[in-house]
There are 2 protein chains.
Amino acid sequence: MPYDPSAFAPFAVTVDLVVLTVRRHALCALAVRRGESPFQGRWALPGGFVRPDEDLSQAAARELMEETGLCAHDPDAPAQANGAHLEQLATYGDPKRDPRMRVVSVAHLALAPDLPAPRAGGDAKSARWASVEDLLQQGGYGRDGEQAAPLAFDHAPILADGVERARSKIEYSSLATAFCPPEFTVGELRRVYEAVWGVALDPRNFHRKVTGTPGFLVPTGGTTTRQGGRPAQLFRAGGATLLNPPMLRPEV
Amino acid sequence: MPYDPSAFAPFAVTVDLVVLTVRRHALCALAVRRGESPFQGRWALPGGFVRPDEDLSQAAARELMEETGLCAHDPDAPAQANGAHLEQLATYGDPKRDPRMRVVSVAHLALAPDLPAPRAGGDAKSARWASVEDLLQQGGYGRDGEQAAPLAFDHAPILADGVERARSKIEYSSLATAFCPPEFTVGELRRVYEAVWGVALDPRNFHRKVTGTPGFLVPTGGTTTRQGGRPAQLFRAGGATLLNPPMLRPEV
DNA sequence: GTGTTTATCGTCAGGCAGACGACTATGATC
DNA sequence: GATCATAGTCGTCTGCCTGACGATAAACAC
């Protein structure tokens, strides 16, 4: 990395968060309403400036905590109570992406189990879970009939990238369990896959696949009937993080 | 993205390049020798500051051109003459990663066919292709007996991340062809996989797999005998970018 | 009890990968 | 020119995994 003082230019660096969860059989993302110009009143991804003394992942974890109360855990330490998966997604640095100044945003992807209503933090007027379908369908109408304005800044493509990352990553990793509570059933895990991929999966083949993959699921011994029907075994996420062979996403 | 002037802190933003190629059956990366402090005389990844008016990918493409003469092509437009694959890898922003100031580096990954000797650019004293094994094996001895000092800054983990990305991405994409000249044989493509993965592959099963995947390879009609033995058919990369089902990397 | 819902086990056929035999076409060597 | 070494290409066989789908089990609602 050559160092040429004449070439140095100051940038602002932010982290933006794509926080995904599964609610009511739909993949949802956390959106905050902007309280200031530009894009005042529009929905945006949560985020904020990186502080002078913190690492990028620290900044992302701090923002996640401020917005959701979730504690991010390391990719190394898997299942944890009240913890969300957090990983870096990509960095966006178009010179014109923020009209005020040159801002480079390091987007992060967080996957969380279904949560109570989010608490608004920082200068955002409010925060909510919105289906990614509504958020990405520009100019359309949301579920509640409200006109769905496109997300602020370049947050729509960032969200799309995050969703695509999540969709592909649950294929070959055990990441889908990050959308589940600490104990869950095979059916609940299947509904996660169905919501994220937007497809229907065969319950029998899915059951065979996930219970047959060593280290993916460990039975807790308990059962639950919270979904109705025959009681289902409860599982926790096992130590395995990589699925080999992967879970196959049905073709379009 | 809330805007709080009191929270704003200026950062320097750079791009660093992990440029990989396959030479003499080994995966090699481009390294430049640092001409200045800190880490003067040590090997480092090529890179430089992002200019005020350019996008991150533009900055990466410019650095790549300066260091190698290669023209990066879009991920959309696949095979191209004298073009290299270029994609964003990850961003590194530890507050202490550069002792001079707060620098956030957006690392990019470039894959190039075997090239003539690199030309040194910028303030780097020299540039060379070095096997990634030598570069990552800290404190060991390189192929030429030279003491292999660790890479400058945090470039060793960046290189490791780039290598891992390349290793996993050739599994499920046609990216391995980016290491090949415009026309190549199945055997040459197989040697790319073997060099990147560091394994031996069965020539017959590999041949069946790559020729049986629709859109991966298109025959040019020509043959070559540059590898010795029976003349081999020449191919170009086909339009397919995703391999489904993927090429399976043999287990360790 | 009957019906509904969900969970779980089994079966069967097709596809693909790994292991490996066989044959082909070139250059190198004697 | 015969032989050998080298690389490329085509087949075969077996085992595993997946998709499609039948069948059974265990709860709740009426």
Side-chain angles (χ1 to χ4, degrees), chain A residues 24-25 170-172 180 183-195 197 199-236 240 242-252, chain B residues 24-25 170-172 180 183-195 197 199-236 240 242-252:
Chain A
R24 288 190 243 101
H25 292 204
I170 63 173
E171 283 190 66
Y172 58 88
C180 294
E183 297 201 349
F184 53 89
T185 69
V186 173
E188 290 166 347
L189 184 62
R190 175 169 50 81
R191 279 179 280 275
V192 164
Y193 274 91
E194 291 178 332
W197 283 344
V199 297
L201 299 175
D202 185 287
R204 297 156 291 189
N205 292 336
F206 183 86
H207 189 276
R208 178 181 60 190
K209 174 69 178 172
V210 296
T211 57
T213 299
F216 190 7
L217 300 182
V218 292
T220 67
T223 61
T224 184
T225 177
R226 60 180 171 235
Q227 298 292 334
R230 171 176 166 180
Q233 263 190 288
L234 283 170
F235 294 88
R236 280 198 318 274
L242 252 44
L243 264 44
N244 209 329
M247 179 93 54
L248 294 179
R249 173 163 29 166
E251 298 148 30
V252 235
Chain B
R24 292 190 239 100
H25 292 204
I170 64 173
E171 282 189 68
Y172 58 90
C180 294
E183 296 201 349
F184 54 89
T185 69
V186 172
E188 290 166 348
L189 183 62
R190 176 169 48 83
R191 280 180 280 276
V192 164
Y193 275 89
E194 292 178 331
W197 285 344
V199 297
L201 298 174
D202 186 288
R204 297 156 291 187
N205 292 335
F206 183 86
H207 189 277
R208 176 183 60 191
K209 174 68 178 172
V210 296
T211 57
T213 300
F216 190 7
L217 301 181
V218 292
T220 66
T223 61
T224 183
T225 177
R226 59 180 171 234
Q227 299 290 337
R230 170 175 165 181
Q233 263 190 289
L234 283 170
F235 294 88
R236 279 197 320 272
L242 253 42
L243 264 44
N244 210 328
M247 179 92 54
L248 293 180
R249 173 162 30 165
E251 298 149 30
V252 233

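Quantities reported herein were computed from a predicted structural model and do not represent experimental measurements.
- For the pair A:Val186 and A:Gly229, nearest-nucleotide mapping onto DNA chain C gives the more 5' position to A:Gly229.
- The two residues B:Ala240 and B:Pro214 have their closest heavy-atom pair at CB-O, 3.9 Å.
- At least one donor-acceptor pair closer than 3.5 Å links the side chain of B:Glu194 to the backbone N or O of B:Leu201.
- What you find for B:Thr220 and B:Phe235 is that their closest heavy atoms are CG2-C, 3.8 Å.
- The outermost nucleotides of DNA chain C lying under 4.0 Å from heavy atoms of chain B, listed 5' to 3', are C:dA17 to C:dT26.
- Remark: A:Glu171 CD to A:Met247 CE distance equals 9.5 Å, nearest 0.5 Å.
- The CZ atom of B:Arg230 sits 9 Å away from the C1' atom of D:dA7 (whole-angstrom rounding).
- Put simply, the side chain of B:Tyr193 does not reach to within 4.5 Å of the side chain of B:Val199, judged on heavy atoms.
- Sorted by first then second residue, the side chain to side chain donor-acceptor pair (under 3.5 Å) pairs that include residues 202-211 of chain B, not counting sequence neighbours, are B:Asp202-B:Arg204, B:Asn205-B:Arg208.
- Scored by the side chain to side chain donor-acceptor pair (under 3.5 Å) test, A:Arg230 finds no partners at all (sequence neighbours excluded).
- Under the side chain to side chain contact (heavy atoms under 4.5 Å, CB included) criterion, B:Thr224 pairs with B:Thr185, B:Arg226, B:Leu234, sequence neighbours left out.
- If you measure from atom CG of A:Leu243 to atom C1' of D:dC17, you get 14 Å, rounded to the nearest angstrom.
- Annotation for A:Phe206 and A:Val186: closest pair CE2-O, 3.6 Å, computed over non-hydrogen atoms.
- A heavy atom closer than 4.0 Å to some atom of DNA chain D occurs in B:Gln227, these being the qualifying members of residues 215-227 of chain B.
- Note: A:Asn244 CG to A:Tyr172 OH = 12.0 Å, rounded to the nearest 0.5 Å.
- If you check residues 201-211 of chain B against DNA chain D, the residues with a heavy atom closer than 4.0 Å are B:Arg204, B:His207, B:Arg208, listed by number.
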